[in-house]
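Numbering of ligands and ligand atoms starts at 1, following listing order. Remember, predicted model here, so these are calculated numbers, not experimental data.
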Amino acid sequence: MELKIELRKDLKEKPDMSNLGFGNYYTDHMFVMDYTDGIGWHDARIVPNEPFMMNPACMVLHYGQTTFEGLKAYKGKNGQIRLFRPEKNMERLNRSNDRVCIPQFDGPFVVEAIKKLVKIEEEWIPTEPGTSLYIRPFVIAMDNHVGVHPSHTYRFFVILSPVGSYYAEGINPVKIYVEDTYCRAVRGGLGFAKTAANYAASLKAQEVAAERGYTQVLWLDGIEKKYIEEVGTMNVMFVINGEVITPEINGSILEGITRMSSIELLRKAGYKVTERKISIQEVVDAAKNGTLNEAFGTGTAAVISPIGELYFEGESIVVNNGEIGPVSHTIYDTITGIQSGEKEDEMGWVTIVE
Ligand SMILES: *Cc1c(COP(=O)(O)O)cnc(C)c1O
């Protein structure tokens with residue numbers, strides 16, 4: 001497929017790159033392509049990022065038939081633009097699409113389009129340590145029709161947002177609320193897909209946790225409320241007696257690329273990493289008998305987020321004295337080092353944008 005490029009003449013003013021926050025600013029251009037039944041994906045283009053018209057009957061607004069991804073472009077030390085495992089995001093987007101009946105697309109083609117778009121927006125990539133250009137691919141159903149069935153037309157977008165360091169004042173362990181009333185996803189549902197409904201389902205518990213002074217929610221399985229699933233928009237890992245344990249991929253948790261990368265790197269560094277069911281009780285018991293060494297979340301936004309406290313059934317459990325532990329620290333340094341180019345990319349995970 002051909003990729004048309006239409007650049008805007010009136011470039012936007014760049015924001016203060018030292019005070020970006022997350023998701024507040026968007027670059028001048030975006031990638032768009034359309035899908036029509038019988039034709040397939042067509043009209044791939046890089047165009048000015050501008051508001052567009054939608055019919056109020058547009059299906060995505062009513063039934064949430066939509067998927068998304070999140071990855072980052074980094075400006076390496078020598079000025080190289082680096083992407084971290086973008087092909088994995090495209091594979092996952094196609095798995096998410098399959099779950100909500102959105103047609104498959106050509107992953108390598110979109111990776112190439114993202115590289116072109118990022119190159120065009122090179123000046124938007126912040127350079128301070130920890131900052132990056134966040135890349136948000138997403139797909140929406142476009143039929144104008146009130147009635148529940150898969151749409152016959154779709155639109156694929158990629159927008160870009162310069163984002164600040166997640167840790168302005170160093171890595172601070174977060175306080176986590178173990179949610180025992182609401183659930184985010186169930187097996188057979190949408191949990192493994194990056195689709196809007198999962199995040200709508202999470203908001204209420206997030207709000208309750210925030211009111212009580214907790215940063216994130218730790219989800220338990222939707223059936224028995226016993227086994228640990230994941231944290232907010234991160235997967236979760238526990239270090240118990242030196243062994244790293246993380247919930248197995250079971251259909252209701254999101255298969256994180258940071259999770260996958262952390263498992264590979266930890267095993268390479270000689271850690272025992274086990275993917276299995278782990279109950280909240282096991283973690284509480286380990287904390288009480290002193291064998292819970294560390295707990296942390298993994299995800300593109302923060303890379304690694306150490307957990308300093310867990311609130312469960314009226315009790316507050318402190319993890320590793322509320323401090324960042326050695327496993328969290330090592331994996332954070334290794335992944336961010338590979339992303340920025342300060343560490344050698346032995347795994348061949350980085351795509352250089354030229
Ligand atoms: C995106 C996401 C993650 C983390 O995935 P990464 O590929 O590591 O960024 C974890 N859980 C949920 C619910 C997510 O949406």
Please list the nearest protein heavy atom to [atom] with its residue and the distance rounded to 0.1 Å.
atom	value
atom 15 (O) of ligand 1	Y199 OH, 2.4 Å
atom 13 (C) of ligand 1	R184 NH2, 3.1 Å
atom 5 (O) of ligand 1	G256 CA, 3.4 Å
atom 4 (C) of ligand 1	T233 O, 3.6 Å
atom 11 (N) of ligand 1	E230 OE1, 2.5 Å
atom 8 (O) of ligand 1	T258 OG1, 2.6 Å

*asked:* Does the structure place the NZ or CZ of K204 under 6.0 Å from the centre of the six-membered ring of Y182, at an angle of no more than 45° from the ring's axis?
replied: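 K204 over Y182 ring: no.
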*Mark yes or no: K72 above the aromatic ring of Y134, with NZ or CZ under 6.0 Å from the six-membered ring centre and no more than 45 degrees from the axis.*
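No, cation not above the ring by the 6.0 Å, 45° rule.
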*Mark up the atoms of ligand 1 that fall under 4.0 Å of a heavy atom belonging to G232, in ascending order.*
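Near G232, the atoms of ligand 1 are 13 (C).
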*With atoms numbered from 1 as shown, which atoms in ligand 1 lie under 4.0 angstrom from a non-hydrogen atom of N235?*
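Counting from 1, the qualifying ligand atoms are 10 (C).
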*So is G70 polar-close to ligand 1, meaning N/O to N/O under 3.5 Å?*
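Between G70 and ligand 1, no N or O pair is found under 3.5 Å apart.
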*In terms of side-chain heavy atoms, does T246 have a donor or acceptor partner in E275 at a distance below 3.5 Å?*
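E275 and T246 do not have a side-chain donor-acceptor pair below 3.5 Å.
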*Can you tell me how far NZ of K277 sits from NZ of K226, rounded to the nearest 0.5 angstrom?*
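That separation rounds to 7.5 Å.
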*Straight-line distance of I46 CD1 to F31 CZ, nearest 0.5 Å*: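 Answer for the CD1-CZ pair, I46 versus F31, is 7.5 Å.
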*Start with the C-alpha distance between E354 and K115, add both sets of side-chain angles, then the distance that settles salt bridge (Lys or Arg N to Asp or Glu O under 4.0 Å), and finish with yes or no.*
CA-CA 8 Å; E354 276 154 335; K115 286 162 72 176; over 6 Å; no
_Which option wins on minimum heavy-atom distance to atom 14 (C) of ligand 1: K194, E229, E69, R85?_
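Closest candidate by heavy-atom distance is K194.
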*Any salt bridge between E282 and R276, counting N to O under 4.0 Å?*
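Yes, E282 and R276 are salt-bridged.
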*Give the minimum heavy-atom separation between A196 and T66, together with the two atoms involved.*
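Answer, listing the atom of A196 first, then T66: CB-CG2, 3.6 Å.
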*Close approach, R92 and ligand 1, non-hydrogen under 4.0 angstrom*: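 Yes, R92 has heavy atoms under 4.0 Å from ligand 1.
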*Where on T300 is there a heavy atom closer than 4.0 Å to ligand 1, on the side chain, on the backbone, on both, or on neither?*
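Both of them.
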